[in-house]
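Lettering of chains follows the sequences in order, A, B, ..., and the numbering in each one begins at 1.
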Amino acid sequence: MTTDLLDRSAGTDALVPRPFVVRRRIRETSDTTTLLLEPVDRTGLEFEPGQFTMIGRPGFGEVPISISGDSARPGMLEHTVRAVGDASAAIARTRRGDTLLVRGPYGRGWDVEAAAGHDVLVVAGGIGLAPLRPVVLDVLARRDLFRRAFLVVGSRTPDQLLYPRQMEQWRGRFDVDVDVTVDAADAGWRGHVGVVTDRLPRLDLDPLSTFAFLCGPEVMMRVTADALCALGVPAAQVRVSMERNMKCGVGMCGHCQLRELFVCLDGPVFGYDVVQRLMTEPEL
Amino acid sequence: MTASAPARRRRQHRRPKLAVWKFASCDGCQLSLLNCEDELLSLAGAVEIAHFTEATRRSVRGPYDVSLVEGSITTAHDADRIRQVRDVSRTLVTIGACATAGGVQALRNFADVSAWTSLVYARPDYVSTLATSTPIAAHVPVDFELHGCPIDRGQLLGVLVALLAGRRPRIQVETVCAQCKRRGNVCVLVARGTPCLGPVTQAGCGALYPAYDRGCYGCFGPVAGGNVASLVARLRADGMSVTDVDRILHTFNADAEPFRTGGQAL
Amino acid sequence: MTHKLDGEALLRVDELARVEGEGAMRVVVRGGVVRDVELQIYEPPRLFEALLHGRSFREPPDITARICGICPVAYQMSACQAIEAACGVVVPEEIRLLRRLLYCGEWIESHALHVYLLHAPDFLGYDSAIDLARDHHDVVEQGLRLKKAGNALMTLVGGRAVHPVNVRVGGFYRLPTREEMVLIRPQLEQALQDALATVALVAGFDFPDLEQPYEYVALRAPDGDYPLERGSVVTSGGGGFDVDAFEEHVIEEHVERSNALHARLADVGTYVVGPLARYSLNHDALSPLARDAADSAGLGATCRNPFRSIVVRAVELVEACEEALRIVDSWQGAAAPYVDVAPVAATGRGATEAPRGILFHRYTIGADGAIVDARIVPPTSQNQPSIEADLRQLVQDNLDLDRVLLSRLCEQAIRNYDPCISCATHFLDLTVEQT
Amino acid sequence: MDVEGLGALIALLCADGYTVIGPVVRDGTVVPTPVTSLSEMARGVVDHQGPGTYRLHADGDLLFGYAAAATGWKRYLFPAHRPLWRYDRNGSPTTAAQPIIRQALFGVRSCDLHALQVLDTVLAGRRYVDADYAARRAATFVVAVTCAHPAATCFCASMSTGPAPQDGFDLLITELVGERGHRFLVESGTPLGRAVLERLPAAPATPGDDADVATCVSASVATMERVVDTEGIRDLLYASANSPRWDDVAARCLSCTNCTLVCPTCFCFTTEDVVGLSGADGRDRMWDSCFNADHSLLHGGAVRRSTRARYRQWVTHKFGSWIDQFGVSGCVGCGRCIAWCPAGIDVTEELAAIRAAAEQTAEDAP
Ligand SMILES: Cc1cc2nc3c(=O)[nH]c(=O)nc-3n(C[C@H](O)[C@H](O)[C@H](O)COP(=O)(O)OP(=O)(O)OC[C@H]3O[C@@H](n4cnc5c(N)ncnc54)[C@H](O)[C@@H]3O)c2cc1C
Ligand code: SF4
Ligand code: SF4
Ligand code: SF4
């Protein structure tokens with residue numbers, strides 16, 4: 001018998017969720033909703049930008065969702081959820097007062113600290129802006145710690161853009177360069193049309209002193225990271241947030257493995273130097 | 001959200017209407033619903049059983065929220081009838097091998113039906129039947145298919161519960177082997193050389209057969225992506241004849257790909 | 001407003017409910033006389049006898065089970081018996097008892113289903129058991145409990161309730177253990193109590209008057225057993241023959257309006273199989289408890305009112321529960337789960353008492369074990385002519401009845417036979433027609 | 001000690017409140033099953049294993065004359081299906097703690113001892129802990145057995161995980177036959193084991209015993225047929241992501257999950273919300289496999305769609321990335337995946353072929 005194991009069995013069960021109550025819901029786009037959740041036991045959820053929770057609606061299953069709120073205000077848990085399947089749709093359509101079940105926060109975040117004293121480049125595609133919003137909020141809150149700040153946001157169409165009001169505020173600031181591009185414009189769109197990589201040259205980056213944080217579809221991250229590396233940004237200074245199937249979020253269920261990496265524990269945020277090879281191998 | 005709001009309003013105002021329809025079949029799958037003895041009355045409280053001839057003479061007019069369809073299409077009349085059923089059903093769920101794969105009666109698809117009819121009936125001219133037995137999905141769009149001959153009671157309840165909650169039913173795609181190992185059965189193929197279709201059959205029965213010391217005969221149909229050719233190679237290597245391989249693949253899901261090719265799959 | 005059937009009238013029920021399968025009824029009345037009665041079976045043909053051609057002689061228990069989800073065990077038992085007869089194999093006593101136990105499970109399940117879910121609502125004026133449950137929750141609960149016990153027994157011996165997997169030619173794949181047998185005992189004891197309560201319940205129903213002079217045909221089992229898994233054929237006319245001579249005595253005809261075949265007894269004509277026949281020809285073989293229950297329910301030694309078949313089924317529930325308990329208590333295991341059966345080029349016949357009556361199978365097997373010829377005579381096709389005769393009599397006797405009520409009465413009369421249309425198709429729409 | 005001595009050990013463990021789980025013959029195989037006496041356990045049986053086959057024959061009178069049990073001990077520590085949590089009376093999710101029983105695993109071979117250590121690391125040795133596993137493990141007494149009769153499928157010697165148990169047991173039994181009769185040498189590996197041993201009627205070990213054990217072990221190693229060349233195996237696999245051998249094995253692999261579910265170290269699980277007619281009740285957890293399509297499912301489809309990718313994931317994880325993740329190999333050489341693969345796929349053969357293919361490519365390269 002191993003006594004140390006006995007000690008370990010006494011801890012809280014990582015697989016048992018805590019109930020949270022939906023306090024506010026903001027409809028972002030036709031399929032995406034931001035939820036503000038309050039823990040029933042009033043114990044706030046301290047997190048680092050880039051971390052996620054395992055969140056479920058009773059009876060519908062549990063899925064990993066990034067925390068999209070302000071890490072300086074942990075009392076209210078914020079998630080932006082795109083309804084793509086059963087679980088996410090069920091979560092996205094909860095109403096004020098409904099209970100959701102939450103475990104976490106889990107995973108390794110963006111490590112914004114590391115970018116202190118450098119230029120910060122945030123590139124987001126679609127729902128990818130959700131895990132990056134805490135980065136933007138953090139950088140803006142401690143703006144003096146960083147050099148230049150760029151935010152490049154790509155969206156399929158103008159009406160699919162997340163957080164439009166906040167984006168307006170950020171655009172209004174002189175200490176951050178906000179650039180929004182869409183794949184397909186509508187009549188009222190006066191901004192850019194094209195992919196995010198098209199926007200990189202005009203930024204006039206200082207490659208060696210740039211920290212880039214990317215999140216979006218896997219191909220978009222790969223193409224952007226490759227473009228940045230080609231510009232001379234060290235791969236270790238390019239961070240991407242990976243997505244894999246997760247049943248536990250704590251490195252036990254085996255589902256999120258990317259060869260030797262557990263995306264839930266070792267990531268979801270990785271330096272591009274770590275995952276570049278793994279991202280190019282199909283079906284890994 | 002917009003998509004769910006009408007569903008919610010509906011639920012508040014009335015219970016969803018459930019209809020059960022029968023085509024060419026043995027009634028076993030419908031019976032599985034009546035076999036939910038512990039849940040039957042609460043189920044009847046949660047839904048309005050609007051049409052179910054095996055259980056009630058009252059039939060409430062459609063449209064129906066959920067239609068469970070048992071049986072395959074073997075007559076021209078039934079081919080018309082299933083279209084009418086589809087028209088009055090919001091969600092149509094097919095239940096059982098007959099409805100999802102044509103059933104055991106689809107063995108006619110491999111034979112000469114007029115010869116068959118005269119074998120059974122003295123006056124084959126009195127019998128109107130199609131040359132084939134085809135699954136419902138070959139005639140109308142189907143929202144969800146529940147496999148098995150017969151279907152599993154637990155899976156049926158799971159599907160109904162999901163639909164009641166406004167959720168799409170989900171059944172894990174995996175082989176009978178996976179359930180067999182979880183159950184702690186001893187593999188009859190490996191330990192006895194008993195022919196078993198478990199490695200290529202969709203799970204659902206709870207790996208019943210191996211627990212009864214016989215091989216799986218595939219009544220839940222082929223698992224998606226199953227490698228029938230490799231299993232046939234093993235069965236042949238164990239000394240099974242092509243005829244016997246054909247027989248084991250050609251039972252209740254005979255006309256489902258890739259069971260259809262039978263011993264030729266190699 | 002009521003509509004009576006005067007002059008020329010047509011009474012039709014297009015979709016018979018609470019029967020197993022699809023059928024309809026049509027009765028034509030002209031000048032106050034019933035001219036034509038038809039029970040139509042539009043259950044599409046599934047051609048089982050044909051698809052058995054060329055299959056292995058080991059397959060009929062699994063394949064023919066799929067003829068009917070309500071009485072798969074009956075098909076498995078008759079098939080095994082016929083094939084074993086062809087191959088010259090007699091299974092050991094313990095295997096026979098285990099088969100009888102499995103069969104008890106099916107009787108309990110099937111009878112409970114029919115009595116409570118299909119037939120009782122007619123007597124109590126409800127559309128279904130679910131409506132009945134709204135006013136008489138305990139009654140329906142009792143029925144479901146009984147049904148569940150039957151299913152549990154089938155699951156224990158057969159692996160599952162619908163299309164059991166444990167039956168094979170020569171016996172079983174796996175024997176239930178002594179512990180498993182002991183575990184089911186309390187459920188069977190409760191079932192016996194529920195069965196006795198069922199007799200008391202249904203004995204109190206109102207039964208329409210109808211006495212029918214039919215020839216009854218049933219099995220008689222050796223050793224004073226109530227017939228289930230074995231026996232030879234006897235008739236109320238005093239006749240009798242071996243199962244092997246079944247086809248010499250029973251003639252099946254194909255009737256145009258139906259996908260089912262009608263059977264007649266040579267020299268006699270219309271006959272009836274099922275609970276009424278079985279009970280009337282085997283009253284002496286009932287257990288004392290079942291016989292007492294029948295007595296107290298007012299059933300004589302023979303019963304000729306088809307509406308009272310519900311009481312007979314209840315008595316048979318008592319018999320089946322008791323018999324199951326007896327077998328469970330005496331179970332000592334068996335030397336082997338099955339005996340080896342090697343194919344023999346021969347023809348074999350088998351008949352057992354399905355819940356709805358005699359189910360006959362005949363197979364001719366080739367030396368390689370492939371089936372050369374197969375024939376199946378299910379109970380419902382044997383009863384179809386009598387059902388029509390009952391309807392003719394009922395409509396004639398009740399022509400002054402309101403049309404809706406008459407139609408209901410006819411449906412109820414059809415349900416007396418618990419017709420299993422899925423079986424008969426190899427079988428119903430209730431229509432009385434205005435011409 | 002003699003056979004009676006072993007009987008006394010089981011009686012003692014039972015009396016101490018342990019549920020003794022020992023190897024029992026069931027359906028023609030040896031399966032760990034709860035027992036109350038030695039007489040229920042397998043005896044005088046020998047196993048014949050090969051790719052896709054397992055047969056048991058009566059032979060001799062040995063208690064441990066066969067290799068590791070057909071199914072491992074995993075399910076006694078990591079159940080195939082267990083409730084994770086249920087709602088408590090206040091509607092809060094609460095651990096669905098099942099009563100943890102004290103159990104004695106009787107007859108654990110060296111490969112399975114290593115497998116337990118692997119699971120200890122995976123499920124209870126890192127930041128997050130499977131509390132249920134840890135509790136079960138803490139309540140487990142391990143009686144190991146020196147493996148004297150490996151099966152044709154075994155290759156623990158290659159994996160440095162056997163056949164002689166080194167640690168991780170409370171008691172260790174070595175079955176010896178020879179001039180001095182049929183006897184059992186029992187050693188303790190923990191204070192707890194020693195305390196049990198001291199209460200048993202056993203003669204103290206004699207100087208010759210150690211030599212007899214050593215002979216027994218070397219004989220065992222000598223009979224082991226299969227080998228895996230573990231030299232640089234992780235890098236080999238990482239570099240072989242596009243080996244043509246994956247296509248070859250994919251043609252045979254049924255993607256049936258048997259190999260992963262019999263493997264004593266595979267730990268993948270999935271979860272499922274438990275819902276009744278009256279609503280959600282809680283959540284369950286069950287064994288899953290990387291051979292299932294749903295395992296790598298993302299919105300839009302599975303990452304590993306092909307059998308080729310799934311087989312590659314399994315082998316690469318077991319023999320390669322496991323080392324990066326947990327510092328040890330994920331394979332303990334028990335050979336179960338070979339015997340219980342319906343297609344008879346032999347992982348040692350596949351590894352050899354992958355190595356050969358890699359060497360071939362290296363040669364071909366200028
Ligand atoms: C670390 C991380 C952070 C994420 N953050 C967000 C976020 O902030 N907002 C957001 O809308 N989405 C986010 N996702 C994606 C989200 O988890 C999936 O959209 C969701 O799991 C889909 O599940 P479903 O049941 O609705 O879809 P279905 O298609 O019905 O799912 C089927 C199965 O696949 C799994 N699955 C499907 N898609 C994914 C996926 N993309 N990632 C992981 N598992 C998947 C589900 O768990 C389930 O097992 C994140 C994913 C990860 C891994
Ligand atoms: S699938 Fe099988 S059980 Fe279901 S109705 Fe058809 S024959 Fe009967
Ligand atoms: S390797 Fe063998 S056991 Fe594993 S999934 Fe493939 S066929 Fe099944
Ligand atoms: S990979 Fe195979 S041999 Fe290795 S531990 Fe797992 S089952 Fe045993």
Partner chain D: residue of A:P58, A:G254, A:C253 with the largest heavy-atom pair count (under 4.5 Å): A:C253
Heavy-atom contact with chain D under 4.5 Å, split by part of A:L284: both
Pairs of heavy atoms under 4.5 Å with chain A: top-ranked of D:A280, D:A309, D:P93, D:G91: D:P93
Check: D:Q325 main-chain N/O paired with A:E260 side-chain donor or acceptor under 3.5 Å: no
Top of A:E243, A:E62, A:E283, A:R277 for chain D proximity - count of heavy-atom pairs under 4.5 angstrom: A:E283
Parallel, tilted or perpendicular: rings of D:F78 and D:F269 (30°, 60°): tilted
Donor-acceptor pair between D:T19 and D:Q103 side chains, under 3.5 angstrom: no
Largest heavy-atom contact set with chain A, pairs under 4.5 Å, which of D:Y238, D:F267, D:W85: D:Y238
Chain A contact via D:T94 - which portion, at a heavy-atom distance below 4.5 Å: backbone
Side-chain (D:K74) to main-chain (D:C266) donor-acceptor, under 3.5 angstrom: yes
Heavy-atom contact with chain D under 4.5 Å, split by part of A:R57: backbone
D:R312, part contacting chain A, at a heavy-atom distance under 4.5 Å: side chain
Part of D:H299 lying under 4.5 Å from any heavy atom of chain A: side chain
Short N-O contact, A:R24 and A:E38, less than 4.0 angstrom: no
Toward chain A, the part of D:F326 with a non-hydrogen atom under 4.5 Å: side chain
Residue part contacting chain A, namely of D:T271, when any heavy atom lies under 4.5 Å: both
N-O pairing of A:R133 and A:E78 below 4.0 Å: yes
Which portion of D:R283 sits near chain A, non-hydrogen atoms under 4.5 angstrom: side chain
Heavy atoms of other groups near D:Q117 CD, more than 12 under 6.0 Å: yes
Option in D:I323, D:D294, D:N242 with maximal non-hydrogen atom pairs under 4.5 Å from chain A: D:N242
Most chain A-contacting option - heavy-atom pairs closer than 4.5 Å, from D:D288, D:V122, D:L123, D:I100: D:D288
Residues A:R25 and A:D98 bridged, charged N to O under 4.0 Å: no
Within 45° cone of D:Y18 ring axis and under 6.0 Å: D:R102 NZ or CZ: yes
Contact origin within D:D281 toward chain A - heavy atom pairs under 4.5 Å: neither
Heavy-atom pair count under 4.5 Å with chain A, highest-scoring of D:V275, D:T270, D:V274, D:T316: D:T270
Smallest separation among heavy atoms of D:W287 and D:P79, with atom names: NE1-O, 3.3 Å
